[in-house]
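Working notes, structure below.
Because only heavy atoms are used, hydrogens play no part in the values below, and waters and symmetry mates are left out as well, while side chains stay in.
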Amino acid sequence: LLCRKRFLNAQTLERTALAMRLNNLYRCCNLLHSICRKYQLIFLAAELLAVVSAAPAEASSVAPARVARPGQILVVGSINMDTIIDVQRLPRNGETITTRHSDTGKSVPGGKGANQAVAVARLTAEASHNTVQFVCQLGNDAHAKSLEEALVANGVDISASSRTNKPSGQGLVFLLEDGTVSSVVIGGSNAAWPADLDARVLTYIRSASAVMLQREVPDHVNYLVASAAHAANVPVFQDMGGSDQMISGELLAMLTMVTPNLSELERTTGMPVTTEEEILDAARSFQARGAKDVLVTRGEDGAILLTEDGQVLKQHQFTVEQVIDETGAGDSFRAAFTVAYVEGRPLQECLQFASAAGAAAVTVLGAFPSLPSRRECNHIQQRTPSNSEWLASKMSSLRTNVHQMGQKWTPRSMNPFDYDITQLMPVPKLASRLNSMKAHPSEAFTDDVSGWIHRQGTVEGLDLVDFNFPQHFSSSPNLSTNIRQMQAAAAEAGLVVGGVSIRFPDEFRNGAFTNPDPELRRRAVNLTIEGGEAAIRLGAKELVVWSAYDGYDYVLQADYTAAWQNVIDSFRAVCSALPSLRVMIEYKPSDAATRFSIAGSAAAALLVVKEVGQANMGVMLDLGHSLMAGENPAQSVALLGPKLFGVHLNDGYPNRAEDGLMVGTVNPRQTVELLYWLQRINYQGHLYIDTFPLKEDPVRECEFNVRRVKVLWREAQSLRHNGLDAFLANHDALGALEFMEQTGNMFT
């Protein structure tokens, strides 16, 4: 009823797109209502209410207008020089550990105050005037000059900042492989604030559009600033990061909003924060001591805003392809929220913008380097799932509850709008093997790289083109000429370059990365880097390394330990030289050129990735190679998880050489399970159709593969959407088979 009412309001205001989304929500609610009635699961109504109340901004009623506030955003706080240290894990008490690789220890500007000031500057860079003023205490050492230059270069006004006779603050940031960070902050000049604020600072406070505070400076500074801002009716946003002590009730009463993260909320209140209700209870304890709005950031679980009048607003976290470093994410989130707030945007839109900024920040190493622009935030917001897709994930959890209670489920007979609303994850972009276009030449296309690209462009449903290096780059002796020709051909064919794959020439027959000759190994690494640089110039983001020669043929032939270490060292050199590319090892157990590969399984490839220790290193899984290795491809997908950067689709018969047959024609059920697990792990790469149409017309064969992938992807979606996860959780094979029989998926 709530959705229906908001739908009618949106229609009245002629907000067509909003009305359509609300109508879809209304239909979903009706479906859930019928489910609850059918099975008398009245308690599920509470979950339904939570789903509706947590819906993103498009599904909310028209928010009351807020007025933009003129003036600069004033940030008062800390500035540090951060040293980022890559570690496998944090040391235990009394333990000394070494870094993940020897070239770590990079120093970059940071500190919560400086991060937030620079984030505000970047998010408002298109404004015609300076938008942010930063007040800090600069040190008296060499770091201070670098920090000052970094602030000015980013458009931050520091005219009201002061210098002290203390060294600059420093941050020791321990970066784990999954991108999570822990930090130790050395106060330095950040602790050397005067007892009172000078006249310049007071003037800036009174004219500010908003004030941002953190807790890496003495508490009396925040109190003085908040007191002056409160007297001038300037909103104050207090970040809780930097201290475990609860803020005084007197200071809380002067704050517009307090913004702890989940761990800060737990430490400062001493209350549990495991469930959503516990989080809200802890937030209410802040309000009981004088706080107004409380905004809790929850990392990958998004954020919850509890307003002074008791309203609860929720925001899911936007997803990104790869998490590299979380250092600046919280500061980016808070800066973006404040920027949107002073622009007069509704609170839910403020949350959305902030979530996009936090997501953008985790994709880059270091605090200052990771702080995003408005364009980056807008890009992330534009590619977020629709309300319908978001709601579908919530519906899936309700279905799981039904299954766990042993109820029968007949979704196809009860879901009148099928995948229109319930599509969980779109089909990834598709590419196909360019060399396939050589088969059965057509007079309409030249028999060269340009002609193959144009021929592949006629395939309906294909999005990308991938190239082999150096083979596809040999039409001209000049690499730049080749790249321009390939870019032009791809554009004319309506394709985008997805990636580049390395194919080592015959000079590396005794090994590329495993070659016992150091000079040949160096040349193999240089060739790979050259291919990666070509990929970057083509606009691609992926580099796949498959070497038919990195292995051996006989027992007592190779030094396995040395060969393995050479592979690790070579990939580490490639990843370090190409930090903007996702570099992949494509594993294959055996080949005509090498009977035994050094890294011939998913587990071995993952171990390579772990030992290389670079965030941009991952694995390419070829379905045919996985079958050759005696693996269940879907299990390998689950094993690789976020380190699965690429997938090749094809098919073949067991215990044979690589067949390269059309997708899902021999092992359709295993193919569906693979696609199912790609959805489970939220796979972020594209799908590459790697088949060998020796007898078939390559265009028709490719179009069949495209259709086949989309059909099987939808079948995998159907399994997820209709609740298969619950059967897998219980290892219930018969239940899963009966479930597929009941839902019409048995053809796979």
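Of all non-hydrogen atoms in Leu430 and Gly461, the two that sit nearest each other are CD1-O, 4.0 Å. The two residues Thr671 and Leu712 make their nearest non-hydrogen contact at CG2-CD1, 3.8 Å. For the pair Asn468 and Asn435, the tightest heavy-atom approach, listed with the atom from each and the gap, is ND2-ND2, 3.7 Å. Considering every non-hydrogen atom in both Phe704 and Met662, the closest pair reads CD2-SD, 3.7 Å. Nearest heavy-atom pair, Ser474 versus Gln471, reported as atom, atom and distance to 0.1 Å: OG-O, 3.0 Å. The two residues Ala535 and Glu542 make their nearest non-hydrogen contact at CB-O, 4.2 Å.
Here the NE2-CD distance, from His440 to Glu696, works out to 7.0 Å after rounding to the nearest 0.5 Å. Note that the OG atom of Ser601 and the NE2 atom of His625 stand 13.5 Å from one another [nearest 0.5 Å]. Atom CD of Gln317 and atom CD of Glu300 lie 8.5 Å apart (nearest 0.5 Å). Taken from NE2 in His379 to CZ in Phe318, the straight-line distance is 12.0 Å, to the nearest 0.5 Å. In this structure, the separation between CD1 on Ile681 and NZ on Lys643 is 12.5 Å, given to the nearest 0.5 Å. Expressed to the nearest 0.5 Å, how far OG of Ser332 lies from CZ of Arg122 amounts to 8.5 Å.
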side-chain contact (heavy atoms from CB on, under 4.5 Å) assessment of Glu376 paired with Thr363 | CA-CA 11 Å; Glu376 291 173 294; Thr363 63; 5.9 Å; no
Chi angles and distances behind the side-chain contact (heavy atoms from CB on, under 4.5 Å) call for Phe508, Leu527 = CA-CA 11 Å; Phe508 298 104; Leu527 177 72; 4.2 Å; yes
Verify side-chain contact (heavy atoms from CB on, under 4.5 Å) between Gln487 and Leu538, making sure each step is shown before the conclusion.
-> CA-CA 7 Å; Gln487 285 175 321; Leu538 285 165; 3.5 Å; yes
For side-chain contact (heavy atoms from CB on, under 4.5 Å), just list the numbers for Val496 and Lys429, CA-CA rounded to whole Å, side-chain angles, deciding distance to a tenth of an Å, and then say yes or no.
-> CA-CA 10 Å; Val496 176; Lys429 292 187 181 300; over 6 Å; no
May I have the step-by-step check of side chain to side chain donor-acceptor pair (under 3.5 Å) for Thr691 and Glu701, ending in yes or no?
-> CA-CA 9 Å; Thr691 58; Glu701 188 262 2; 2.7 Å; yes
Side chain to side chain donor-acceptor pair (under 3.5 Å) evaluation trace for Asn650 with Asp659 | CA-CA 8 Å; Asn650 44 47; Asp659 290 321; over 6 Å; no
Steps toward side chain to side chain donor-acceptor pair (under 3.5 Å) verdict (Asp448, Ser450) = CA-CA 6 Å; Asp448 56 18; Ser450 179; 4.8 Å; no
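Within the 4.5 Å cutoff, the side chain of Pro698 has heavy atoms near those of the Arg455 side chain. Taking 4.5 Å as the limit, some side-chain heavy atom of Thr528 sits within range of a side-chain heavy atom of Phe513. Counting heavy atoms from C-beta on, the side chains of Pro633 and Trp677 never come closer than 4.5 Å. Side-chain atoms of Leu479 and Glu530, non-hydrogen and from C-beta on, do get closer than 4.5 Å to each other. Under the 4.5 Å side-chain criterion, counting only non-hydrogen atoms from C-beta, Asp550 is not in contact with Thr594. Counting heavy atoms from C-beta outward, Trp452 and Thr446 have side chains that stay 4.5 Å or more apart. Counting heavy atoms from C-beta outward, Val647 and Leu623 have side chains that stay 4.5 Å or more apart. Tyr688 is not listed as a side-chain neighbour of Leu464, based on a closest heavy-atom distance of 4.5 Å or more.
In terms of modelled atom types and a separation under 3.5 Å, the side chain of Asp651 and the main chain of Leu661 share no donor-acceptor contact. A donor-acceptor pair under 3.5 Å is absent between the side-chain atoms of Ser597 and the main chain of Ala599, judged by distance alone. Remark: the backbone N or O of Lys314 is paired with a side-chain donor or acceptor of Gln348 at under 3.5 angstrom. Not a single donor-acceptor pair under 3.5 Å links the side chain of His316 to the backbone N or O of Gln352.
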Below 3.5 Å, can you tabulate the donor-acceptor pairs from side chains in residues 604-618 to any protein atom, sequence neighbours excluded?
| residue | atom | partner | partner atom | Å |
| --- | --- | --- | --- | --- |
| Glu611 | OE1 | Trp564 | NE1 | 3.2 |
| Gln614 | NE2 | Ser576 | OG | 3.0 |
| Asn616 | ND2 | Cys575 | O | 3.3 |
| Asn616 | ND2 | Leu578 | O | 3.0 |
| Asn616 | ND2 | Leu581 | O | 3.1 |

Indicate every side-chain donor-acceptor pair of residues 582-589 with a distance under 3.5 Å to a residue at least two apart or in another chain.
| residue | atom | partner | partner atom | Å |
| --- | --- | --- | --- | --- |
| Arg582 | NH2 | Phe645 | O | 3.3 |
| Tyr587 | OH | Glu631 | OE1 | 2.7 |
| Lys588 | NZ | Asp591 | OD1 | 2.7 |
| Lys588 | NZ | Glu658 | OE1 | 2.9 |

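Listed by chain and number, the residues in a side chain to side chain contact (heavy atoms under 4.5 Å, CB included) with Ser480 are Asn478, Arg484, Arg537 (sequence neighbours excluded). Taking Asp463 as the reference, nothing meets the salt bridge (charged side-chain N to carboxylate O under 4.0 Å, His left out) condition, with sequence neighbours excluded. For Ala336, the side chain to side chain contact (heavy atoms under 4.5 Å, CB included) partners at least two apart in sequence or on another chain are Leu123, Phe353, Ala354, Ala357. Contacts of Gln456 classified as side chain to side chain contact (heavy atoms under 4.5 Å, CB included), with partners at least two apart in sequence or in another chain: Ser432, Leu434, Met437, Leu462, Val465, Leu495.
At most 12 heavy atoms of other shown residues, nucleotides or ligands fall within 6.0 angstrom of atom CD in Gln635.
Between Arg720 and Asp725 there is a salt bridge, since at least one side-chain N of the basic residue sits less than 4.0 Å from a carboxylate O of the acidic one.
Neither side chain, Asn482 nor His472, offers a donor N or O lying under 3.5 Å from an acceptor on the other.
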